[in-house]
Trainee: 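Below is the structure I would like to discuss, written out as structure tokens.
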Amino acid sequence: MALLKVEDLVMYYRTRKGTVKAVDHVSFEIEKGETLAIVGESGCGKSSLSRAIIRLLPRNVETYEGKVFLNGTNIMELSEERFRKEVRWRKISMVFQGALNALNPVLKVGEQVAEPLVIHMGMGKKEALKEAREMIKQVGIAEAFVDRYPFELSGGMRQRIVIAMALITDPDLVILDEPTSALDVITQANVMNLLKRLKKERDLTYIFITHDIALASELADKMATMYAGQIIELADSESYFGKPLHPYTQKLLGSVPTLREDKEIAPIPGTPPNLLNPPVGCRFRPRCDQAMEICEKEPPMFSLDGHRVKCWLYRGEE
Amino acid sequence: MLLKVENLSKFFPIKKGIFGKTYYVRAVENVTFEIDKGESISLVGESGSGKTTLGKTILRLYDPTSGKIEFDGKDITHLTEKELKWYRRETGLVQQNPFGSMVPHFTIFKILEEPLIVNKIGTREERREIVYNILREVQLSPEEFAFKYPHMLSGGQLQRVAIARAIIMNPKLVIADEPVSMLDASVRVEILNLFEEIQEKHHMSIIYITHDLSTTRYFSDRIFIMYAGHLVERAPTKELLRNPAHPYTKALLEAIPDPDPSNRFKFREVPPGEPPSLVNPPKGCRFKPRCPIATDKCDEEPPEVEISPGHFVKCWYAQ
Amino acid sequence: MSVVSEELSLKGVVRELLSYKSAILGLIILAGLIILSIYAVLFTPFAKSGALWNDQQVWLKYPRTAAPAWTNIFSSKKLPENVYVNMGKPVNVSKEGTRIKRTYVSKFSYNYDDTPSEIIFFFNTSYEKLRPKVSIYWMKPDGENLSLGTYRIRKGGTSIYLSNNLRLISDLQEKIEEELGKKINKSLTLEDILFRDFKTGGILKGTYTVRLDVLVKNETDRVEWQGIVYGKVYGLAGTDDKRRPLHLGLLWGAPIALAFGLVASLSITFIQLIISAISGYYGGRVDSVIQRLTEIYMILPFLPMLVLVQLLYGMNLWRLLLLLIVLSIFGTSVKTYRVWVMQLKSYPYVEAAKAYGASNMRIIFLYILPRLIPPTIPSLVLAVPGYVFLEAALAFLGLSDVNIVTWGRIVEEAFSEGALYKGYYHWVLMPSLMLVITAISFALIGIALDRIVNPKLKEM
Ligand SMILES: Nc1ncnc2c1ncn2[C@@H]1O[C@H](COP(=O)(O)OP(=O)(O)OP(=O)(O)O)[C@@H](O)[C@H]1O
Ligand SMILES: Nc1ncnc2c1ncn2[C@@H]1O[C@H](COP(=O)(O)OP(=O)(O)OP(=O)(O)O)[C@@H](O)[C@H]1O
Ligand SMILES: [Mg+2]
Ligand SMILES: [Mg+2]
């Protein structure tokens with residue numbers, strides 16, 4: 001049984017200009033110990049998807065529905081009270097985009113790391129602080145820093161603190177939303193090393209959200225492409241990088257500059273779609289050079305030996 | 001030769017406390033290089049390594065602390081703002097962040113016209129012509145964009161306007177400070193391609209500042225690597241990527257992944273730690289505290305050696 | 001507060017402003033005030049308003065300290081308005097000795113519940129030799145006939161203040177007492193005598209008849225007359241003790257209040273912006289000097305200084321405005337604006353401008369100042385009533401410009417005449433109402449603008 005199974009998850013925002021379909025019928029599943037990387041351009045709904053899973057919704061959410069099974073139970077049916085007590089941080093925790101810059105400036109980092117234990121696990125403060133100390137060591141920060149304030153730490157160290165906060169409750173699933181995009185490459189490599197190590201040591205399950213495909217390959221067992229609020233391709237990393245199916249994924253990979261091999265890179269033509277009124281049918285159609293007439297109808301997910309793709313090109317090849 | 005920089009340093013004074021001593025942030029120290037006409041240079045380094053400071057000092061937006069800048073054979077190191085007028089026409093700047101770089105209450109047309117007005121170029125009609133042409137050159141249709149305001153444009157479009165503004169006076173040197181860092185990868189390539197095209201067409205020299213080494217190979221003749229205010233290595237692009245000589249450059253290359261599913265099975269060998277404080281940097285080589293091959297010798301500042309034609313390294317152990 | 005970075009177009013602001021009901025109300029009131037002001041300036045002798053206001057002769061035909069006419073709506077006792085007894089054609093012309101006697105009869109109906117405030121007869125005469133003589137007779141609805149005396153009329157305009165003619169009044173009182181056969185314990189007024197029924201003490205309603213016998217020497221001698229039975233209510237805003245109709249004063253006060261408030265607020269804000277821009281942009285010594293100046297200004301006793309200068313020099317309104325501006329330009333807002341300027345100065349676009357060679361002045365005036373204007377508009381609007389009130393307050397302290405009619409001055413005159421003790425509430429209330437309405441309109445607009453321009457208060 002999959003650790004997490006998401007079925008037809010929908011989250012729309014209400015805005016003055018209309019409905020923003022940030023997460024539009026998204027389905028996927030993750031096995032225990034597996035990492036799913038979700039890649040996509042800025043604004044395609046990656047952060048919204050992660051918020052929808054951990055159910056931390058902005059006030060202006062208009063529609064929020066679908067099924068999310070965690071170890072077989074549909075956690076969408078839980079009341080907010082029960083979700084907060086039993087799921088959030090206990091089972092699913094998250095590293096928010098830009099969280100390293102959102103740490104509470106007047107709280108020592110040790111206390112900050114201990115906070116989830118106090119809030120979500122109802123642990124005493126003293127005990128929580130002891131665990132926090134241990135956790136901070138685990139993410140590679142010297143104990144001396146436990147009693148410092150966030151501004152006294154470098155970006156890389158703060159990112160480690162944020163990761164420690166996500167791991168301290170020993171959750172089954174950790175959602176990492178752009179955990180390194182604010183960091184320098186060497187620091188990023190160090191943090192990625194840390195994430196890899198923790199994954200191995202603790203048999204962690206990650207959802208790794210990034211716009212950087214090369215970085216995604218550092219962690220991903222499975223890759224998903226998100227485009228305009230939908231997941232349009234989902235496959236194991238080998239298959240995804242070796243033989244991408246969706247024209248968008250192909251172009252996305254083709255636009256990534258590489259350091260070690262000589263390859264031509266090409267931009268993706270056109271502009272990303274507007275989530276207020278996305279194109280009818282396949283959402284990539286206006287930018288796709290292989291678009292056909294049928295693309296005006298929304299393609300279903302085709303599955304080619306477990307490699308799933310939402311594109312009419314693969315009709316009949318299942 | 002277009003630009004010659006010799007032992008250039010820029011220190012920022014900072015005061016600690018009200019009566020405290022003045023300290024200096026040694027953002028750029030002892031930097032020497034030359035750039036030819038039409039050459040494109042990538043200046044690569046981590047955040048805070050002094051790339052922007054170096055760029056702005058070259059453009060005389062900052063006054064150099066010491067050293068010398070020669071442009072087209074003329075010493076511009078200590079010219080006053082008045083004497084710099086001609087230099088402003090010969091240089092262009094694309095800033096790090098396109099979002100704050102345009103006067104919000106001006107239309108794109110006005111934004112692009114301003115440099116021309118300030119430098120008294122052309123009549124009203126001529127300026128209009130110039131602005132429309134430059135918009136076409138950066139692939140924005142003048143009819144659609146000339147009278148929009150900056151907040152109506154996407155990041156990529158703004159970046160094009162920023163580029164258009166930098167090249168509108170047909171300068172000999174453009175400094176592009178992370179012109180694509182705010183953009184999505186797919187748009188990034190497009191903008192960089194555009195840049196390359198324009199640069200070749202106008203035969204401009206470009207210093208392209210970035211922290212992203214992976215894009216540089218596509219767009220530059222030479223790469224300069226900066227670390228903590230020092231220029232630690234400079235070499236032709238292929239040479240640098242193939243034979244990195246400075247331990248920092250090697251670490252940088254090691255840290256950058258290419259898309260490859262086997263990445264997840266290995267750890268990257270990168271030095272731990274962070275770049276040093278520039279107020280109180282280590283003596284000698286600034287990479288020493290993190291360097292796997294450092295010795296006591298490194299407490300002395302290494303000289304720059306040319307290990308192969310055009311490949312300069314500032315390291316005692318470079319071969 | 002941070003400077004708004006999001007673009008606020010004028011159109012957008014207006015559209016958003018119109019989504020606030022309170023702002024719409026404010027705008028409607030303000031529009032009303034503006035229309036009043038335009039009307040006052042274009043269609044009334046506004047340029048001469050000060051002189052007119054000070055000239056007592058102009059207002060003779062208005063009742064004294066009359067309440068606004070609409071107060072009758074709210075009162076069971078209907079107070080009289082002015083009744084005009086007009087000349088008409090003579091009903092009879094006859095010879096009396098060597099003289100010619102012209103008899104005029106005028107009727108008017110009187111149905112109010114109170115006596116009028118005053119009775120005056122106005123004459124306009126031209127004659128050759130002898131002064132004309134006029135006898136006035138009064139017939140009440142119940143048929144009682146009273147002779148109101150005989151008067152010689154001088155050349156030109158003459159007014160006969162019957163109500164002040166104490167001889168006549170005491171004669172009439174005696175006559176009435178005789179008829180009643182008993183003494184009346186108080187001295188009656190002429191209005192009591194002419195309009196009351198002495199058996200009941202009530203007002204006699206019905207048709208009154210006035211007869212005038214005019215004796216002239218020559219056929220060509222001309223005597224024109226008009227009698228006015230002055231009411232106790234008048235117009236929209238009543239009158240003051242000098243018979244001046246307050247609605248005119250309020251009307252003339254409107255453009256002045258608006259202009260004073262707006263000019264003060266606009267110019268102070270604008271000059272402060274420029275000073276802050278220079279201070280924040282250049283920094284260094286210029287900045288220190290300006291900052292010290294603002295600190296000195298902060299401890300200066302602003303109002304007393306204003307009063308003192310005004311007492312010593314008795315300036316007119318516009319000089320006062322100038323002084324006010326001078327005394328305010330280094331106000332505390334300079335500090336706030338300066339912080340904004342320093343923030344804007346660090347924006348990349350300023351650096352970009354330097355990179356293409358723009359001068360400092362260009363950067364300040366074209367790039368920085370326009371950014372500061374939107375966030376200052378709410379406080380600018382909100383400050384307007386403050387200056388309007390300040391002018392009123394100075395007027396109230398007796399420091400107003402005597403050559404201009406302002407709301408403050410009207411209030412001041414009311415107080416110095418003891419209007420509130422004497423029950424002339426309208427005299428104080430009407431100008432105060434104008435002040436308050438003005439304040440409310442600016443406040444409603446300003447608060448809404450603040451919400452729009454200051455995104456902290458804005459919801460998603
Ligand atoms: N609270 C909100 N109200 C309305 N629209 C929103 C809200 N949050 C996000 N959006 C919009 O929804 C879309 C998806 O946003 P989201 O933050 O999920 O994108 P993302 O893929 O995480 O982008 P990035 O890579 O830039 O972080 C965007 O168009 C965004 O503007
Ligand atoms: N005006 C200034 N005053 C004081 N210190 C400064 C100033 N500008 C830059 N610095 C410092 O100089 C150092 C170099 O900064 P610089 O902006 O040149 O780095 P950078 O390489 O461009 O970094 P990034 O990639 O983040 O843009 C940093 O430590 C920075 O804090
Ligand atoms: Mg996001
Ligand atoms: Mg920089």
Side-chain angles (χ1 to χ4, degrees), chain B residues 52 55-56 58-62 81-107 110-121 148-153 158 161-163 165-169 171 173-178 182, chain C residues 1-16 270 273 277 281-284 286-288 291 340-377 452-455 458:
Chain B
T52 300
K56 289 186 188 168
I58 292 171
L59 291 182
R60 283 294 317 276
L61 292 168
Y62 294 147
E81 195 54 48
K82 274 215 183 77
E83 294 164 332
L84 278 172
K85 272 242 141 183
W86 65 270
Y87 186 57
R88 301 276 176 238
R89 282 185 64 159
E90 300 284 11
T91 54
L93 170 67
V94 181
Q95 286 158 304
Q96 199 156 353
N97 175 356
F99 289 98
S101 72
M102 317 233 170
V103 185
H105 56 273
F106 280 5
T107 59
K110 189 97 183 63
I111 286 167
L112 292 176
E113 195 191 14
E114 277 290 298
L116 302 176
I117 297 178
V118 164
N119 289 287
K120 306 194 174 63
I121 296 173
K148 282 193 166 163
Y149 288 90
H151 73 275
M152 303 174 178
L153 270 60
L158 276 180
V161 177
I163 292 170
R165 180 172 62 185
I167 61 170
I168 196 161
M169 292 187 288
L173 172 68
V174 171
I175 295 188
D177 194 352
E178 316 233 12
M182 311 286 284
Chain C
M1 190 194 138
S2 76
V3 180
V4 271
S5 51
E6 156 194 14
E7 189 54 31
L8 287 165
S9 67
L10 186 65
K11 230 164 86 190
V13 170
V14 170
R15 195 178 320 118
E16 218 170 309
F270 198 67
L273 278 177
Y281 186 83
Y282 285 105
V286 184
D287 188 35
S288 326
Q291 291 315 305
W340 296 355
V341 171
M342 299 211 302
Q343 208 178 324
L344 283 176
K345 183 182 133 185
S346 65
Y347 271 39
Y349 67 75
V350 171
E351 182 176 70
K354 283 186 185 155
Y356 58 67
S359 66
N360 289 330
M361 281 297 144
R362 192 177 189 87
I363 292 174
I364 292 178
F365 282 95
L366 257 50
Y367 302 177
I368 292 185
L369 272 184
R371 306 297 310 145
L372 294 180
I373 289 171
T376 51
I377 285 177
I452 295 167
V453 175
N454 183 353
K458 210 160 72 172

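Bear in mind that the values here come from a model prediction, so they are computed numbers and not experimental data. Chain A is the first sequence line, chain B the second, and so forth, proteins listed ahead of strands; every chain is numbered from 1.
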Trainee: Rounded at 0.5 Å granularity, tell me how far OH in C/Tyr347 sits from CD in B/Gln95.
Mentor: 13.5 Å

Trainee: Are any of the side-chain heavy atoms of B/Phe106 and C/Leu366 separated by less than 4.5 Å?
Mentor: yes

Trainee: Measure B/Ile117 against the heavy atoms of chain C and call it side chain, backbone, both or neither at under 4.5 Å.
Mentor: side chain

Trainee: Is any side-chain heavy atom of C/Asn360 less than 4.5 Å from a side-chain heavy atom of B/Glu81?
Mentor: no

Trainee: So how far is it from B/Leu59 CG to C/Lys354 NZ, rounded to the nearest 0.5 Å?
Mentor: 13.0 Å

Trainee: Under a 4.5 Å cutoff for heavy-atom pairs, which residue among C/Ala358, C/Ala353, C/Ser359 has the most contacts with chain B?
Mentor: C/Ala358

Trainee: Test of understanding: with ring pair (Phe, Tyr, Trp, His ring centres under 6.0 Å), list the residues that count as partners of B/Tyr62, not counting sequence neighbours.
Mentor: B/Phe12

Trainee: Please list, chain by chain and in numerical order, all residues satisfying side chain to side chain contact (heavy atoms under 4.5 Å, CB included) with B/Leu158, sequence neighbours excluded.
Mentor: B/Pro98, B/Phe99, B/Met102, B/Pro150, B/Leu153

Trainee: Which of the residues B/Met152, B/Lys85, B/Arg60, B/Lys56 is involved in the greatest number of heavy-atom pairs with chain C at under 4.5 angstrom?
Mentor: B/Lys56

Trainee: Pick one of side chain, backbone, both or neither for B/Glu114, based on which atoms fall under 4.5 Å of a heavy atom in chain C.
Mentor: both

Trainee: On a heavy-atom basis, which atom in B/Val103 and which in C/Tyr367 lie closest, and how many Å separate them?
Mentor: CG2-CG, 4.0 Å

Trainee: Show the nearest heavy-atom pair for residues C/Tyr349 and B/Pro104, with the distance to one decimal.
Mentor: CE2-CD, 3.4 Å

Trainee: Under 4.5 Å from any heavy atom of chain C, what part of B/Arg165 do you find: side chain, backbone, both or neither?
Mentor: side chain

Trainee: Given a strict heavy-atom distance threshold of 4.5 Å, which part of B/Leu93 is in contact with chain C: side chain, backbone, both, or neither?
Mentor: side chain

Trainee: Do C/Pro348 and B/Gln96 have side chains that get closer than 4.5 Å, going by heavy atoms?
Mentor: no

Trainee: Minimum heavy-atom separation for B/Ser101 and C/Ala352, please, with both atom names.
Mentor: O-CB, 4.1 Å

